[in-house]
Amino acid sequence: MAATSNEAATRQDSSDPHEIPPFRRRYEAALANPRLAANVTRYQRNWRGNRDLSIDEIEFEGMRKSFKATKERVQERLDDYLAQFQRAAEAAGTIVHHAGNARDANRIALEICRRHDARQIVKSKSMVSEEIDFNHFLEGEGIECVETDLGEWIVQKAGQRPSHIVGPALHMGRQDVADLLNNRLQVPVSEENITEQVHTIRDLIRPLFFTAGVGMTGANALIAESGTVMMCTNEGNGRMASSVPPVHIVLAGIEKVIPTFDDAVTQLRLLGRSGTGQRITVYSTFITGPTPGHEMHIILVDNGRRKMRSMPEFREALHCIRCGACANVCPPYREVGGHVFGHIYTGAIGLVVTQFHHGLDAAAKPQSLCLSCNACETVCPVEIPLPRQIIDVRKIVVAKKGLPAPKRMAIAILQRPKAFRYATRVGSKAQLPFTRGSRFVRLRRVPRIRRQTRWRSLPALASKPALARIEPGIFLPQQSPVVQTPVAGKTAAIFPGCLTDRLYPEQGQAVIDVLRGLGLRVMAPRGLNCCGLPASNMGDDNAAKRMARQTIQALERAQCDFIVSGSASCVAMIIQDYLHLFRNDPGWRRRAANLATKVRDLTTFLVHDARLQPGSLASSEESDPVTYHDSCQGLNALGLGPEPRYLLNDVLGIPIQELDENRVCCGFGGSFGFDYPEVSERLMNSKLDNATATGARTLATDNQGCILHLRGGCDAGKRPLTVSHIAELIAEHLRERQSHPTG
Amino acid sequence: METDLEQSLVLIAQFSERATPLGTVVEHVGASDAAALAIADVVATSGADFVCVSRPLADRAAGLVQSLVDAGTRVTVVKNAGEARDQPVGLSLAQCAIAESGSVLLDERHLSDRSSSLMTLHSIVIVPSDEILPSLDSVPGLLRQIAGTGSSGYATFVTGPSRTADIEMSLTVGVQGPGQVTVLFVDDLT
């Protein structure tokens with residue numbers, strides 16, 4: 001039922017004069033706006049600093065797990081909690097309404113306004129009202145809606161929509177606000193003085209609280225035990241809108257219900273910090289029933305939420321407390337803003353929930369802007385598995401709409417080992433006129449692909465893949481260990497990953513050298529192929545499963561103590577994503593889970609299994625400093641941060657010059673650089689600028705995707721920075737030890 | 001008793017440490033006459049000669065009101081919400097203060113009671129010194145009390161002046177709530 005009404009709402013929207021422009025147009029407009037990325041970047045950087053400081057004061061991990069558990073409990077017994085809320089709210093004098101879809105919600109509000117002969121509504125911030133296109137509907141019925149949150153007012157007057165859940169106008173700057181006031185609204189204001197701008201807008205809004213017939217607000221939570229609405233604001237407009245007009249309407253999604261005041265306090269602690277880095281918002285208001293002499297209504301909106309609840313893949317998106325943190329760490333969001341990275345709801349959560357509120361078509365393009373860096377999940381105060389959910393949205397989109405031919409072809413080749421081998425063999429010959437003896441294919445001036453190749457040289461295929469250099473299934477001769485570790489004598493199978501195997505065999509060799517240098521018995525399993533990550537990221541579920549099964553079988557056959565990979569991405573895929581991929585297939589899921597216990601990325605293996613000691617592989621000479629680039633899969637998916645630093649700094653004795661914003665993705669994202677080359681290029685350049693600024697001449701990392709991307713950028717931009725895999729640095733130190741043993 | 005007082009002092013210091021950076025002015029006085037002087041100062045600085053006082057405060061602290069009058073400050077006990085609209089100074093009574101967050105809890109069911117803290121430009125909030133609590137952990141019980149009275153309730157934790165950073169993350173105080181907030185702890189509120 002919800003889906004049907006959604007479609008109806010979408011149809012209704014499509015005839016809107018303020019219809020959202022097509023995605024491509026939005027994307028191009030965002031790129032062409034020089035101030036947008038600067039404004040969003042400033043916002044993200046400030047937020048990160050403030051948020052991290054405020055998070056340090058609480059036990060964030062424990063608190064978010066506990067609140068997530070609360071939200072899970074609510075979803076299990078949603079109707080019970082909603083009924084409890086309604087009983088208590090009604091006992092306090094609130095009138096509670098239920099709306100199945102956007103149209104119902106709007107009609108209920110309209111009817112209330114008509115009954116009170118209200119011609120004007122003052123609104124505090126409500127994302128649900130954006131979701132149901134409330135203003136547009138009510139204004140069509142002759143009722144003026146005025147946004148009273150400063151940012152909301154700015155975007156409303158500018159004829160836009162909020163670009164961020166918490167900071168609706170963060171994409172705009174003082175010049176934009178001055179332009180709006182001076183030129184469009186004919187209200188004279190300073191072009192430079194933000195305080196004056198704020199106070200001018202404040203004074204324009206102020207009288208309306210006293211003339212409006214209805215005040216509308218959203219709700220941050222609905223507290224079941226007492227029928228209380230919790231509302232958090234900073235400006236005080238929410239308190240005005242809920243106090244002064246004689247009628248107060250609350251618009252709230254049904255997922256906002258929480259059991260008790262204790263839960264409300266946990267939410268307060270998480271929300272302020274995650275939203276704006278505040279311990280608590282300036283006004284945290286608890287409204288139980290109407291102000292005496294006034295009337296209070298609560299409209300509980302479904303509009304696709306029950307459908308979301310019925311789908312296990314997406315149910316956790318209903319835990320969202322609308323803090324906006326996921327947008328604040330999102331690299332593509334930084335470059336294009338929320339009008340592109342999202343639909344009505346923006347940021348990572350927007351990519352997930354849009355299909356339920358506004359249909360799959362609205363979600364189809366924005367979801368493709370996610371480059372799967374996983375940063376959003378690390379800051380989400382309720383641990384929503386957003387990156388995985390976005391991939392699941394992508395899979396639905398791909399199942400319905402298919403993949404473009406180049407991606408289809410790439411996946412077809414990847415999942416057939418023979419075809420893949422043949423293609424790389426042919427490619428390694430065909431590329432020769434372009435490589436001219438270098439490690440790069442430089443296609444900077446080729447007209448039709450310039451957009452993709454101008455800024456990044458492509459990597460040349462290796463003349464001989466890593467796996468073709470060793471006999472599969474047979475242990476390489478064991479070496480005597482250079483240093484004593486608990487792993488000497490154990491067996492290890494290597495999983496190089498496609499990029500290492502076909503592009504950077506020397507990095508695969510480095511991993512083998514390190515393992516052998518520690519006295520392990522090392523082999524390459526038979527039948528290794530791609531782990532399936534590219535197919536999964538492109539949204540081809542079937543191909544991903546097929547490659548996952550191939551990989552599981554090959555790695556099981558190896559029967560080694562450990563499976564070690566120099567690719568953080570492949571490891572994250574195998575030990576984390578396979579479990580979700582096979583969620584409905586218990587047999588394969590069990591096999592994947594068993595396998596996961598043996599699979600390690602190299603840094604984890606060296607620090608936690610081999611337990612390399614400080615100084616144990618230090619060079620006899622002083623080492624030049626390096627800078628370390630955290631790959632997203634290493635940092636955000638595997639939680640590696642201290643490990644590579646310990647290896648470089650403590651074990652190898654190489655000083656690290658940390659690069660600014662080391663948690664922000666370099667912009668690789670698999671095929672992302674081909675789909676959105678402008679965004680990928682900007683992210684890459686800011687990473688390389690930050691790396692260069694450290695003064696280090698070498699950048700080390702643990703992921704071949706980043707290496708491909710950053711080396712390509714260095715080559716195209718003629719930057720004198722060496723990009724190395726951490727295994728190469730370790731292998732180099734180990735070789736030095738082997739040639740000059742120190743006893 | 002002494003232990004209670006000492007603990008209040010520690011908590012008020014913590015409160016001040018958290019609230020001051022947000023722009024709240026925190027003062028601590030012994031008795032109502034000292035409080036009246038502090039309030040009269042704020043009123044004079046704002047260029048006014050009167051203060052809007054919420055009815056619950058007037059009921060709870062008749063001595064303070066009298067001291068204000070004695071100090072030459074006119075007192076308007078707000079009966080209609082509109083009386084406080086955009087007036088320079090409002091005076092309200094907090095249920096309690098929370099040291100952890102630098103917040104004061106206002107329990108103001110009636111709009112007329114709410115308007116002194118809601119609509120004025122400078123909100124002065126009086127907190128009896130023994131009504132300061134260490135953390136938000138005590139909040140659920142308080143809110144339960146407020147909501148559980150069988151009638152409606154409107155409670156707000158106020159943490160600093162009204163503010164926005166909607167334009168370029170530039171912090172600006174004084175939007176639709178009071179742009180200045182003074183929290184006045186009074187040991188012996190009469």
Side-chain angles (χ1 to χ4, degrees), chain A residues 39 42-43 46 91-93 148-151 154 167-170 172-174 177 194-195 197-199 202 205-206 209-210 223 225-228 234-237 239-240 242-244 260-262 264-265 268-269 276 278-294 296, chain B residues 18 22-23 81-82 85-86 98 100-103 105-112 114-115 117-119 135-144 146-179 181:
Chain A
N39 289 331
R42 176 178 45 236
Y43 185 90
N46 277 336
T148 65
D149 172 88
L150 194 102
I154 293 170
L170 70 83
M172 297 166 83
R174 69 187 83 185
V177 176
I194 290 175
T195 305
Q197 294 180 348
V198 168
H199 289 148
R202 183 255 185 214
I205 295 171
R206 188 71 171 177
F209 290 109
F210 297 91
I223 301 161
E225 69 165 300
S226 57
T228 301
N234 280 317
E235 297 179 12
N237 63 311
R239 257 172 49 99
M240 289 294 284
S242 62
S243 293
V244 182
T260 66
F261 282 115
D262 302 82
V265 168
L268 277 184
R269 282 181 166 135
T276 51
Q278 292 170 278
R279 284 188 192 100
I280 183 170
T281 49
V282 174
Y283 303 102
S284 303
T285 300
F286 294 82
I287 309 171
T288 316
T291 294
H294 289 199
M296 180 174 176
Chain B
R18 295 271 158 121
L22 303 173
R85 177 178 169 180
D86 293 330
I98 309 289
E100 173 191 339
S101 55
S103 317
L105 174 60
L106 302 171
D107 169 20
E108 298 166 333
R109 180 170 174 250
H110 292 273
L111 180 57
S112 52
R114 204 179 302 159
S115 54
S117 69
L118 178 76
M119 299 179 191
S135 80
L136 289 165
D137 294 337
S138 332
V139 164
L142 288 169
L143 292 174
R144 214 163 269 135
I146 293 169
T149 53
S151 58
S152 61
Y154 194 104
T156 303
F157 290 92
V158 176
T159 314
S162 147
R163 66 186 222 171
T164 182
D166 272 348
I167 307 176
E168 294 187 16
M169 289 294 272
S170 164
L171 185 65
T172 308
V173 295
V175 198
Q176 300 300 348
V181 173

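Every chain is numbered from 1 and lettered A, B, ... according to where its sequence line falls, protein lines coming before strand lines.
For the options B/L111, B/L171, B/L106, B/V181, heavy-atom pairs under 4.5 Å to chain A are most numerous at B/L111. With chain B as partner, the option from A/T276, A/V198, A/I205 having the largest number of non-hydrogen pairs under 4.5 angstrom is A/V198. With respect to chain B, the highest number of heavy-atom pairs below 4.5 Å among A/S284, A/G293, A/G151, A/S242 belongs to A/S284. In terms of heavy-atom pairs under 4.5 Å with chain A, the best-connected choice from B/P178, B/A155, B/G177 is B/A155. Of the listed residues A/T291, A/N237, A/V244, the one with more heavy-atom pairs under 4.5 angstrom with chain B than any other is A/T291. Of the listed residues B/G160, B/G141, B/G174, the one with more heavy-atom pairs under 4.5 angstrom with chain A than any other is B/G174. Among the candidates A/G227, A/G93, A/G167, A/G173, the residue making the largest number of heavy-atom pairs closer than 4.5 Å to chain B is A/G173. Among the candidates A/G236, A/S243, A/A91, A/G289, the residue making the largest number of heavy-atom pairs closer than 4.5 Å to chain B is A/S243.
Note that the CZ atom of B/R18 and the CD1 atom of A/I280 stand 12.0 Å from one another [nearest 0.5 Å]. Taking OG1 from A/T288 and CG from B/L143, the interatomic distance works out to 8.0 Å, rounded to the nearest 0.5 Å. Distance check, rounded to the nearest 0.5 Å: CZ of A/F286 to CG of B/L142 gives 10.5 Å.
Within the 4.5 angstrom heavy-atom criterion, no atom of B/A81 approaches chain A. Heavy atoms of A/T228 lying under 4.5 Å from chain B belong exclusively to its side chain. Residue B/V173 touches chain A through its backbone alone, counting heavy-atom pairs closer than 4.5 Å. Contact of B/P161 with chain A is made through the backbone alone, with heavy-atom distances under 4.5 Å. For A/R279, the part lying near chain B is the side chain, with the backbone staying farther off; criterion is any non-hydrogen pair under 4.5 Å. The contact between B/E100 and chain A is made by backbone and side chain atoms together, counting heavy-atom distances below 4.5 Å. For B/D137, the parts sitting under 4.5 Å from any heavy atom of chain A are the backbone and the side chain alike. Residue B/S117 touches chain A through both its backbone and its side chain, counting heavy-atom pairs closer than 4.5 Å. Heavy atoms closer than 4.5 Å to chain B are found in the side chain of A/I154, but not in its backbone.
Of the possible donor and acceptor atoms, none in the side chain of A/H199 sits under 3.5 Å from a partner among the backbone N and O of B/T172. Although no hydrogens or angles enter the test, the distance criterion places no donor-acceptor pair under 3.5 Å between the side chain of B/R163 and the main chain of A/N234. Judged by distance alone, the side chain of B/S152 and the main-chain N or O of A/P290 form a donor-acceptor pair under 3.5 Å.
Applying the ring pair (Phe, Tyr, Trp, His ring centres under 6.0 Å) test to A/Y283 and every residue at least two apart in sequence or in another chain returns nothing. Looking at residues two or more places apart in sequence or on another chain, you find a side chain to side chain contact (heavy atoms under 4.5 Å, CB included) between A/V265 and A/R269, B/L136, B/V139, B/P140.
Counting only heavy atoms from C-beta outward, the side chains of A/T148 and B/Q176 never approach each other to under 4.5 Å. Put simply, the side chain of A/Q278 does not reach to within 4.5 Å of the side chain of B/T159, judged on heavy atoms. A/D149 places a side-chain heavy atom less than 4.5 Å from the side chain of B/D166. For the pair B/R144 and A/S226, the minimum side-chain heavy-atom distance is 4.5 Å or more. Side-chain atoms of B/T164 and A/R202, non-hydrogen and from C-beta on, never get closer than 4.5 Å to each other. A/V177 places none of its side-chain heavy atoms less than 4.5 Å from the side chain of B/E168.
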For this session: Assess whether side-chain contact (heavy atoms from CB on, under 4.5 Å) is satisfied between B/I167 and A/M172, documenting all intermediate values.
Result: CA-CA 7 Å; B/I167 307 176; A/M172 297 166 83; over 6 Å; no
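Checking A/R174 against B/S170 by side-chain atom types alone, no donor-acceptor pair falls below 3.5 Å. Between the side chains of B/S162 and A/R239, no donor-acceptor pair of N or O atoms lies under 3.5 Å.
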